[in-house]
Amino acid sequence: QVQLVESGGGLVLPGGSLRLSCAASRSIVSIYRMGWYRQAPGKQRELVASITSGGSPNYVDSVKGRFTFSRDNAKNTINLQMNSLKPEDTAVYYCHAYELIWGDSWGQGTQVTVSS
């Protein structure tokens with residue numbers, strides 16, 4: 001498996017921006033799919049953005065045009081740039097990886113709070 005550590009969460013005003021990062025413990029070049037999930041209290045965990053090896057990012061409709069996902073194989077890192085944040089974006093955000101051999105790996109989560 002791969003260990004994943006998120007960073008960059010915090011408290012921001014509506015309309016503000018945050019950049020989340022996820023550092024992997026080893027090379028991610030062979031990881032089939034990586035992505036970001038989020039979970040708010042009382043709600044189901046939701047896939048926000050993901051990318052497969054050699055593919056392009058895809059996003060849940062609610063964040064299209066506001067969030068940008070990137071996968072940097074050279075730095076063993078994935079990032080989520082979040083702009084124009086809304087209160088409904090408030091959640092714990094989790095980094096995720098899927099490998100054919102090891103299956104799912106999860107980060108510990110980082111809290112994002114959007115509030116005035």
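Quick note: residue numbers are just sequence positions, from 1.
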Next item on the list: Work out which heavy atom in L85 is nearest to a heavy atom in L18; give both atom names and the distance.
Entry: CD1-N, 3.8 Å
Item checked: Q111 side chain to G10 backbone, donor-acceptor under 3.5 Å -> no
Notebook entry, point to check: For Y32, which fellow cluster members are found when Ile, Leu, Val, Met, Phe, Trp and Tyr are connected by side-chain heavy-atom distances below 4.5 angstrom, either directly or through intermediates?
Noted result: Y98, L100
Margin query: Within this structure, what is the CD-CZ distance for the pair Q81 and R19, rounded to the nearest 0.5 Å?
Written below: 6.0 Å
Next item on the list: Quick one: pull up CD1 in I31 and CZ in R26 and give me the separation to the nearest 0.5 Å.
Entry: 5.0 Å
Notebook entry, point to check: Quick one: CG on L20 to OG on S7, what's the gap to the nearest 0.5 Å?
Noted result: 8.0 Å
Next item on the list: Ignoring hydrogens and angles, tell me if any N or O in the side chain of T113 forms a donor-acceptor pair with the backbone of L11 under 3.5 Å.
Entry: no
Check: Closest heavy-atom contact between S53 and V29?
Finding: OG-O, 3.6 Å
Notebook entry, point to check: E6 side chain to G109 main-chain N or O, any donor-acceptor pair under 3.5 Å?
Noted result: yes
Next item on the list: Answer whether the closest heavy-atom distance between the side chains of N58 and I51 falls below 4.5 Å.
Entry: no
Item checked: Exam field: side chain S50 to backbone M34, donor-acceptor pair closer than 3.5 Å -> no
Note to self: Quick check for you: to the nearest 0.5 Å, what is the distance between K75 atom NZ and S70 atom OG?
What the structure shows: 9.5 Å
Notebook entry, point to check: Is there a path from L80 to Y37 through hydrophobic residues (I, L, V, M, F, W, Y) whose side chains come within less than 4.5 Å of each other?
Noted result: no
Next item on the list: Measure across N83 and S17 and return the closest heavy-atom pair with its distance rounded to 0.1 Å.
Entry: OD1-OG, 2.9 Å
Next item on the list: Verify the ring-centre separation between F67 and W36: is it less than 6.0 angstrom?
Entry: no
Next item on the list: Answer with yes or no whether the hydrophobic clustering places L47 together with V92; edges join I, L, V, M, F, W, Y residues whose side-chain heavy atoms lie under 4.5 Å apart.
Entry: yes
Checklist line | Closest non-hydrogen atom pair between I78 and I28, with its separation | finding: CG2-CD1, 4.3 Å
Check: Counting only N and O atoms by type, is there a donor-acceptor contact under 3.5 Å from the side chain of Y59 to the main-chain atoms of F69?
Finding: yes
Notebook entry, point to check: Is any side-chain N of the basic residue among D89 and K86 closer than 4.0 Å to the acidic one's carboxylate O?
Noted result: no
Next item on the list: State, to 0.1 Å, how close V48 and Y93 come at their nearest heavy-atom pair, and which atoms those are.
Entry: CG2-CE2, 4.4 Å
Next item on the list: Compare every heavy atom of Q108 with every heavy atom of V5, then report the nearest pair and how far apart it is.
Entry: CA-OE1, 3.6 Å
Checklist line | Student check: side-chain heavy atoms of S105 and E99 closer than 4.5 Å | finding: yes
Note to self: Using modelled atom types and a 3.5 Å cut-off, is there a donor and acceptor pairing between side-chain atoms of R45 and backbone atoms of Q39?
What the structure shows: no
Check: Between atom NE2 of H96 and atom CH2 of W106, what is the distance when rounded to the nearest 0.5 Å?
Finding: 4.5 Å
Note to self: Around atom CD of E88, are there more than 12 heavy atoms from other residues, nucleotides or ligands closer than 6.0 Å?
What the structure shows: yes
